[in-house]
Amino acid sequence: MFRPVDSNVHFPTLELQILDLWEEKRIYEKSLAQREGRPKFVFYEGPPTANGLPHPGHCLTRAIKDLFPRYRTMRGYRCERKAGWDTHGLPVEVEVCKDLGIHSKEEIEAYGVEPFIHRCQESVWRYMREWRELTRRIGFWLHLDEAYVTYHQSYVESVWWSLKVLFDRGLLYQGHKIVWWWAQGGTALSSGEVGQGYREVADPSVYVRFPLLDEAGNETDTDLLVWTTTPWTLPSNQFAAVHPELEYAVVRDAELGRKLIIAKELVETIAGKVKRDLTVESTCRGTDLVGRRYLPPFDGYYKTLGNVVGKLADGGEQHVAWRVTAADFVTTDSGTGVVHEAPAFGEVDYDLLLAEQARFEPGQGPDLICAVAPDGRFTDEGPDYCRGRWVKDCDKDIARDLKQRGLLYHQEQYIHQYPFCWRAENDPLIQYPRKSWFIRTSQFKEAMLANNAKINWLPEHIRDGRFGNFLATNVDWALSRERYWGTPLPIWVCEKTGQMVAIGSYEELLSKPGCTGTEVWEEAKRKNPDLPDDLKVHKPYIDAITFDSPFAEGARMRRVSEVIDCWYDSGAMPFAQWGYPHRGAEQFADQFPADFISEAIDQTRGWFYSQLAISTLLFGKEANDAARQHEVEQAAKEATTAAVKPTVHPYPHPYRNCIVLGLMLGEDGQKMSKSKRNYREPNEIFDRYGADALRWYFFANQPPWTSIRYSEQAIKDSIPEFLLRLWNVYNFLVGYATSDDNWNPAAEIKGKVDQLNSAQLSSAATYTDPGDRSELDRWILSELASTCRTVVERLDAYDNFVAAGAIQKFVDVLSNWYVRRSRDRFWASGFTADKHDAYWTLYECLITTAKLIAPFTPFLAEALWQNLAVAPFGDRAVESVHLCDYPTGDVSLIDEELSQRMEQLREIASLGRAARMEAKLKVRQPLSKVEVVLADTRHQAWLEEHAALIREELNVKQVEFTQQAEKYINYTVLPNLPRLGPRLGKQLPALRKLLTEANPADLLQQLNEQGKVTLELNGEPVELDAEDIQVRLQAKEGWAAAQGKTSVVVLNTELNDDLIHEGIARDVVRIIQDRRKTIGCQLSDRIEVGIETDDASVVSAVEKFRDYIASETLARQLVLEPLAGVEPGDGKAGEARFKAYVRRLAE
RNA sequence: GGGCGCAUAGCUCAGUUGGUUAGAGCGCAGCCCUGAUAAGGCUGAGGUCCCAAGUUCGAGUCUUGGUGCGCCCA
């Protein structure tokens, strides 16, 4: 039998019990085991970093990641869920530095790379307990114990393998890159990190004269006027750039006594800034200036290189630097139209240097000059007053120096956005040239786009919008990081020749001829046996391993010092989670590509990209075709190739469907932040409201890609709006079933019932075929079936929002119409066939609802199942709702027409209540009659059959349907626009006018008699049939009436004695029931009642309705006098007053 | 500065291919119901659908421009 239900349920407590149940019975494992051999549904877990505390945003991701795998499992798929952890990267190092109270790379080196790495490895698990607990508590079923971890040896070796493939294919190369450089920390920052640190700052903005030189190298009377906001870059100047197509002016500054060259359209602006007259003497085009030499403001390099001339590739010679070059990026938005070029400190400037180098014969062109050391301080090539100083501190001194030398033409403050280090917020970043390793992703841009085009993105616009645009502007992936805690770049260089090889595994490394250096690791392990073995593939141990160079006799191969971008780690997860190809080939073959992944939109350029890029370059057709070509070319050389080559997979891969979640904002609409405290800790949410409340809030309130504002109230509201409403229905069923009725579904059924589908229930003697049940039962079963159908359809399309809405709607009609209308059936004493039907129908609705909600609110679903199925049937039923198949809805039970009719019936009832409200007649007071006027009479006959229901619902004696209701109603005839619009087009306004002016009664009569209406429109006859027009009703004033879309309900408000007495009787019943409750009667307790009153109408009412009152209240005796020794309850019926005495009778 | 997205009731959000009187939940106010009862229901107030122009018989919906906000990138 069912256990009693706690109507005062506390969901968080319930959920903890269910978690224990799942674990004790290993339900998750069983849910997987029972789908062994079934079609697969592949899910990838995007690895979170566990070195920070989880917040509500992570709950959202974890909830969505749980929903679809649970759903698919119930649909019969095998869905493995391997957990994963992202463990490398700068954030980890920064955390450790914070603990150590250090900042720069030098300090790390001083502390020791080895202990530093150990700390990093420990630090990544710092909040593991919290993450595991969150995962468990929110009900995210995931194989936590078999998680992949990016620092594990097997993972690292997979990454190495993939890099070796890329290297051997010629897709990994070393180049220079101008990076955003954190000089104090000695590292480049990723674009994402840079983006976090932009702040508004005021920088000096200087206009500097670069005197032009004549052919002989002598100074002329004309200057280039150059603008920059980074004066510290001027000592590293190499060129001045002009736009070739722009018009330049040579202007005379009389005060200065010199001529200046600036963009013509900026003459006025600059004259305004310096408040002088600048007279244009002549103009020329940018191209005319190209090649002219000038004297740079600082001579640190110029003094030695100023006169160096190189051979041009196409013959001739030219000075290598300090001359005017052409560049398309020059604009007149600001500055002077002449741009100072220090290629070391800007990406486009560096490109310009590369272009210049290309014009010369190899080795003859300009070298990069850079007067700044990697620590951000000036070198000896800088002006003497700057040497050894942090560049940004020198801006003022440089400006002062230029002023003293007369080269500073103008100076002002310039307010702009400038990036700072995101962890050390007082450190401005500078752009700085570094050697870096790149992946040639741009070569496969089209392939990535083709792959992307096949991915099902939700929302759709990501594909061609944010993600597609990003791919279309793809640049090569800067892979290397000059840091410590990351996957070491597996490239070893010949110390003599500089030739390189890539290594694909630790074993391969050890097998190299003359390999030495493992003793460093062995020694460390001997000293500290607790060191995880995985560390041996990390710095500093890996750096100690060297081997004989195959390129030069007696030379050694040594590893490059860099580690790689941790985004590469996570992007390699589709194969690296299995250790592929060194191991896990089977799992990889089985679990590639993913059917479903989901992360927030900030992963567009993160995990979504890294996965797609790696996968396209390894497993895409284009990349593999190119690789074969490359191998042919390399065949002559001694190319090493990976033992296992990637095979081609058709797009899309590595994921087919991707839900891009919106970002979750704090309560105040701002980004969630610990310091602002604009959200609550997840654990507190679970303790207060429960995981189901939070999950339902995520799933049912908005499509998942909407950025949602964290709202505690909304989470709280999930409880009464959905969870508790369903709980109340469940409580209702169990309450009656465990009363005198003692209704037990298990009593009549023998043997297994498994999932309690209708086929399994139908063996019960009292179970009638749903088709033979009452209309109300058939209706709710129809609603249930169509809800199942909708939910399945929407979940298959990854649309949790509409699916959840359908479930919520169903629970609402189940509670507010089915149960409401069925109360009497349950309350009736004894069993009838109809009562059995009511039990079975409601039982089946609840059982099915439990299955429906299982992926959404798994705890509540389980609670229902445990009591509705497991409690009565024991091990004859499936032991958990999560082991059931998902209900898809029996379409034969769907009755669209019944559904529509019931809808209309509900509308009539609702209108009747509204009319009562209007007339201030409470429902307890019976009325003699309502009249219902229908605009659409299709369902009239059916509605007439159900007049009883309306009578009961509205407490009236008679219901009458009528169309001839002119006294209550105004009719309006309107055109059906979607139908007539395409047909009549511009004539539509005329028709509308015609219809408004016509007599509606005549039109309707015509329509009824002939089935059509003919009107004359602009001299042309137009025929309208019933579908072409719509009739709207409007209640006339002065009646107790209410109007809806299709009907009007009019009340007869006249009362007679019978009606009044009946109303009083109902008041009496209500007060008696109230007393029953007060004195603690059980549902079926019998009582004795006394009514004391002076009011004649109450006396008459009690006498006239004695039987009614007695049966409603289970009263054995009813007398019109006080009961001795009983506390009475006061009652009021209209103006009449009475006292009700209730005493419980012993059995 | 560029890309993408968003803008509808006090709040959180729906609004299908353009179609008649733009919806839901919460909140607020008033009321009803009373054996699902520490529940439930009804009704109401509250909207220049961000602004402007255009396309169309008809625009919350389509187009263009603008404003504001968010994210990503510089």
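For the numbers below, each heavy atom of this structure counts, side chains included, while hydrogens, waters and symmetry mates do not. Proteins get letters first, then strands, A, B, ... in listed order; numbering begins at 1 in each.
- B/rG5 and B/rU64 are spaced 12 Å apart, taking the P atom of each and rounding to whole Å.
- Between B/rA29 and B/rC72, the two P atoms lie 41 Å apart (nearest whole Å).
- Using a distance-only test at 3.5 Å, with no hydrogens or angles considered, a donor-acceptor pair links the side chain of A/Asn452 to the main chain of A/Arg463.
- The distance from atom CD1 of A/Ile719 to atom P of B/rG40 is 13 Å, rounded to the nearest whole Å.
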Next on the checklist: ring-ring contact (aromatic ring centres under 6.0 Å, His included) for A/Trp457 and A/Phe608? Distances and angles first, verdict last.
Outcome noted: CA-CA 11 Å; A/Trp457 289 98; A/Phe608 296 151; 5.6 Å; yes
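- For the P atoms, the distance from B/rG19 to B/rC13 is 24 Å, rounded to whole Å.
- On the P atoms, B/rU12 is 24 Å away from B/rU67, given to the nearest whole Å.
- For the pair A/Phe801 CZ and B/rG23 P, the interatomic distance rounds to 17 Å; values are reported in whole Å.
- Look at the P atom in both B/rA7 and B/rG41: the space between them is 30 Å, to the nearest Å.
- Within 4.0 Å (heavy atoms only), A/Asn728 reaches at least one base atom of the nucleic acid.
- The existence of a salt bridge linking A/Lys835 and A/Asp741 is confirmed by a sub-4.0 Å separation between a basic side-chain nitrogen and an acidic carboxylate oxygen.
- For RNA chain B, the stems formed by at least three consecutive Watson-Crick or G-U pairs, with both atom-pair distances below 3.5 Å, span B:1-7 with B:67-73, B:10-13 with B:23-26, B:28-32 with B:40-44, B:50-54 with B:62-66.
- Both A/Ala714 and A/Tyr736 lie near RNA chain B, and the one whose nearest nucleotide falls closer to the 5' end is A/Ala714.
- Ring geometry for A/Trp727 versus A/Tyr730: interplanar angle over 60°, hence perpendicular rather than tilted (30 to 60°).
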Write out a two-atom table: protein N or O, nucleotide N or O from nucleotides 24-34 of chain B, distance below 3.5 Å.
residue, atom, partner, partner atom, Å
B/rG25, O2', A/Glu721, OE1, 2.9
B/rG25, O2', A/Glu721, OE2, 2.5
B/rC26, O2', A/Asp717, OD2, 3.2
B/rC33, OP1, A/Val923, N, 3.4
B/rC33, OP1, A/Arg924, N, 3.2
B/rC33, OP2, A/Arg924, NH2, 2.9
B/rU34, OP2, A/Arg924, NE, 2.5
B/rU34, OP2, A/Arg924, NH2, 3.4

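- For CD of A/Glu1112, the number of neighbouring non-hydrogen atoms (other residues, nucleotides, ligands) closer than 6.0 Å is greater than 12.
- Aromatic ring centroids of A/Phe699 and A/Phe801 lie 6.0 Å or more apart.
- Screening A/Tyr818, A/Tyr843, A/Tyr839, A/Phe826 for a ring pair (Phe, Tyr, Trp, His ring centres under 6.0 Å) involving A/Phe732 leaves a single residue, A/Phe826.
- Considering only heavy atoms from C-beta on, A/Gln431 comes within 4.5 Å of A/Trp180 through its side chain.
- Checking A/Asn474, A/Thr473, A/Asp476 one by one against A/Ser442, the side chain to side chain donor-acceptor pair (under 3.5 Å) holds for a single residue, A/Asp476.
- With hydrogens and angles ignored, the 3.5 Å screen pairs a side-chain donor or acceptor of A/Ser610 with a backbone N or O of A/Trp567.
- Relative orientation of the A/Phe856 and A/Trp696 rings is perpendicular, given thresholds of 30° and 60° on the angle between their planes.
- Look at the C1' atom in both B/rC32 and B/rG18: the space between them is 41 Å, to the nearest Å.
- Between B/rA14, B/rC4, B/rC42, one nucleotide has an atom nearer to the side chain of A/Arg466 than all others, and that is B/rC4.
- Within residues 810-818 of chain A, the residues having any heavy atom under 4.0 Å from RNA chain B are, by residue number, A/Ser815, A/Asn816.
- Among all heavy-atom pairs drawn from A/Ala909 and A/Leu954, the shortest one is O-CD2, 3.3 Å.
- Taking atom CG of residue A/Asp602 and atom P of nucleotide B/rC73, one finds them 9 Å apart after rounding to whole Å.
- Taking the side chain of A/Arg913 as heavy atoms from C-beta on, and the options B/rC71, B/rC42, B/rG19, the nearest nucleotide is B/rC42.
- If you take CD of A/Glu599 and P of B/rC72, they are 15 Å apart, rounded to a whole angstrom.
- B/rC6 atom C1' lies 13 Å from atom CD1 of A/Ile462, rounded to whole Å.
- Using atom C1' as the reference point in both B/rG47 and B/rG10, the two lie 12 Å apart (nearest Å).
- Rounded to the nearest Å, the gap between the C1' atom of B/rU21 and that of B/rG54 is 27 Å.
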